[in-house]
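Here is the structure we will look at, set down as structure tokens.
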Amino acid sequence: MIGNIRRSLLYVPGDSAKMLQKAAALSSDLLLLNLEDGVASAKKDEARGNVVLALNTIDFGVREIVVRVNSLSTEGGLKDLAAVVPMRPDGICLPKIEKAAEIQAADAAILKLEIGHSLPEGGIRLHAMIESAAGLLRSSEIAAASPRMASLVFGSADFASDMRCLPGEDRAELLLALQLIAASARSAGIDAIDAPCFNLKDADLLRREAVQARRIGFDGKSALHPDQLAIINDAFDFTAEEIAWAERMIAELDDAEIKGKALTTVDGKLIDNPHRKAAERILSRIRR
Ligand code: COA
Ligand code: MG
């Protein structure tokens with residue numbers, strides 16, 4: 001699953017056998033089978049059992065399957081890890097990460113389980129949730145803490161609570177966090193996945209948030225409800241105009257190069273090497 005496209009990440013409650021089953025047919029690039037917050041304390045054991053059974057029996061198709069375990073500093077988190085790693089999910093999502101050492105400890109614990117169960121070493125990827133001020137300020141070290149790292153996932157509700165921040169609809173109060181998470185992920189060569197839109201009824205707000213995240217540099221956005229997936233996937237897909245723009249940039253710059261020039265203008269705008277790189281990135285993802 002390395003090199004996967006991660007436009008959408010759907011939270012699937014581990015305590016709902018029905019939603020776990022339902023998720024197999026939904027158009028989310030990544031399914032996050034959730035055992036942490038959102039699952040009541042009294043239901044943690046049942047949720048773990050449901051997720052193990054789901055990993056064993058449900059055909060989720062080609063999508064990426066990640067289990068969000070409870071914090072590995074708790075007994076429940078260690079039980080989650082021991083139960084799910086032998087079922088070979090594509091990844092493990094670690095909540096409330098605040099330092100690189102937590103990633104390294106998770107990496108070592110997973111390696112031990114992989115060896116114990118004769119699984120390929122290093123196969124299971126890690127997704128770290130950034131949901132506190134401390135985690136945000138160390139997000140670049142967290143992103144680079146292990147070769148298993150696949151993405152940083154923004155947890156905006158916990159983050160806002162930790163920060164005593166009151167985000168408005170345009171998320172101006174969260175811009176620094178969004179930009180830092182995207183830059184940290186980019187600097188480590190991994191993906192950045194935005195938090196969900198908590199208003200499940202406002203499709204316009206969801207679209208605005210998804211477009212905002214994409215323009216900042218995010219690779220995808222979380223979803224809480226199946227109805228949010230189409231809007232998110234669409235926002236993170238390149239439009240026909242963007243693809244046409246990319247093709248034109250390359251053609252114009254190739255043309256300029258033949259004439260011995262490293263830059264040119266298109267519709268009155270200067271273009272040069274950074275535009276070529278952006279255009280090549282679009283076309284290479286389309287090919288993927
Ligand atoms: N994953 C899989 N299936 C889901 C789903 C999800 N996250 N959310 C809803 N569904 C299913 C429902 O089971 C229902 O299936 P059905 O048509 O076969 O009966 C269908 O999609 C429509 O759902 P709907 O009736 O509109 O919503 P609901 O009342 O069943 O669920 C929530 C609403 C918010 C409780 C639910 O979407 C949910 O639990 N989301 C995840 C929340 C979460 O994990 N939070 C923690 C992280 S912040
Ligand atoms: Mg959280």
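Just so you know, ligand 1 is whichever comes first in the structure, and atom 1 is the first atom listed for that ligand.
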Protein heavy-atom partner closest to atom 35 (C) of ligand 1 - residue, atom, separation in Å: Met19 CE, 4.6 Å
Ion pair Glu280/Arg287, N-O distance below 4.0 Å: no
Neighbour count >12 (heavy atoms, 6.0 Å) for atom CE, Met87: yes
Between Asn70 and Glu36, a side-chain donor and acceptor under 3.5 Å: no
Per-atom contacts of ligand 1 with Leu10, taking only distances under 4.0 Å to non-hydrogen atoms: 1 (N), 7 (N)
Nearest non-hydrogen protein atom, atom 9 (C) of ligand 1: Pro226 CD, 3.4 Å
Pair Ser184, Ser140: side-chain N/O donor-acceptor within cut-off below 3.5 Å: no
Within-cutoff protein neighbour (heavy atom, under 4.0 Å) for atom 28 (P) of ligand 1: no
Heavy-atom side-chain contact between Ile5 and Phe236 under 4.5 Å: no
For Leu200, atoms of ligand 1 separated by under 4.0 Å from a heavy atom: 34 (C)
Ion pair check, Lys96 and Asp158, cut-off under 4.0 Å: yes
Proximity of Lys22 to ligand 1 by residue part, where a heavy atom lies under 4.0 Å: side chain
Exercise check, heavy-atom protein proximity under 4.0 Å to atom 4 (C) of ligand 1: yes
Per-atom contacts, ligand 1 versus Pro13 - under 4.0 Å to a heavy atom: 7 (N), 39 (O)
Part of Asp37 within contact of ligand 1 (heavy atoms, under 4.0 Å): backbone
Considering only N, O or S atoms of Asp158, the one closest to the Mg ion (ligand 2): OD2
Short N/O/S contact of Asp37 with the Mg ion (ligand 2) (below 2.8 Å): no
Closest approach of any protein heavy atom to atom 24 (P) of ligand 1, naming residue and atom: His225 NE2, 3.3 Å
N, O or S of Glu36 under 2.8 Å from the Mg ion (ligand 2): no
Any non-hydrogen protein atom less than 4.0 Å away from atom 15 (O) of ligand 1: yes
Greater than 12 external heavy atoms within 6.0 Å of Ile115's CD1: yes
Atom 47 (C) of ligand 1 protein-contacted (non-hydrogen atom, under 4.0 angstrom): yes
Ligand 1 to Tyr11 polar contact by distance, N or O atoms, under 3.5 Å: yes
Lys/Arg N to Asp/Glu carboxylate O, Glu169 vs Arg208, below 4.0 Å: yes
Side chain, backbone, both or neither: the part of Leu20 lying under 4.0 Å from ligand 1 by heavy atom: neither
Heavy-atom nearest neighbour in the protein, as seen from atom 40 (N) of ligand 1, with distance rounded to 0.1 Å: Leu224 O, 2.8 Å
Any side-chain donor near an acceptor of the partner, Asp191 and Ser151, under 3.5 Å: no
Ser132 versus Glu98, side-chain donor and acceptor atoms under 3.5 Å: yes
Atom name, Glu131 (N, O or S, nearest to the Mg ion (ligand 2)): OE1
Heavy-atom nearest neighbour in the protein, as seen from atom 19 (O) of ligand 1, with distance rounded to 0.1 Å: Lys18 NZ, 2.7 Å
Nearest heavy atoms of Phe60 and Leu20, plus distance in Å: CE2-O, 3.6 Å
Electrostatic pair Arg285:Asp237 at N-O distance under 4.0 angstrom: yes
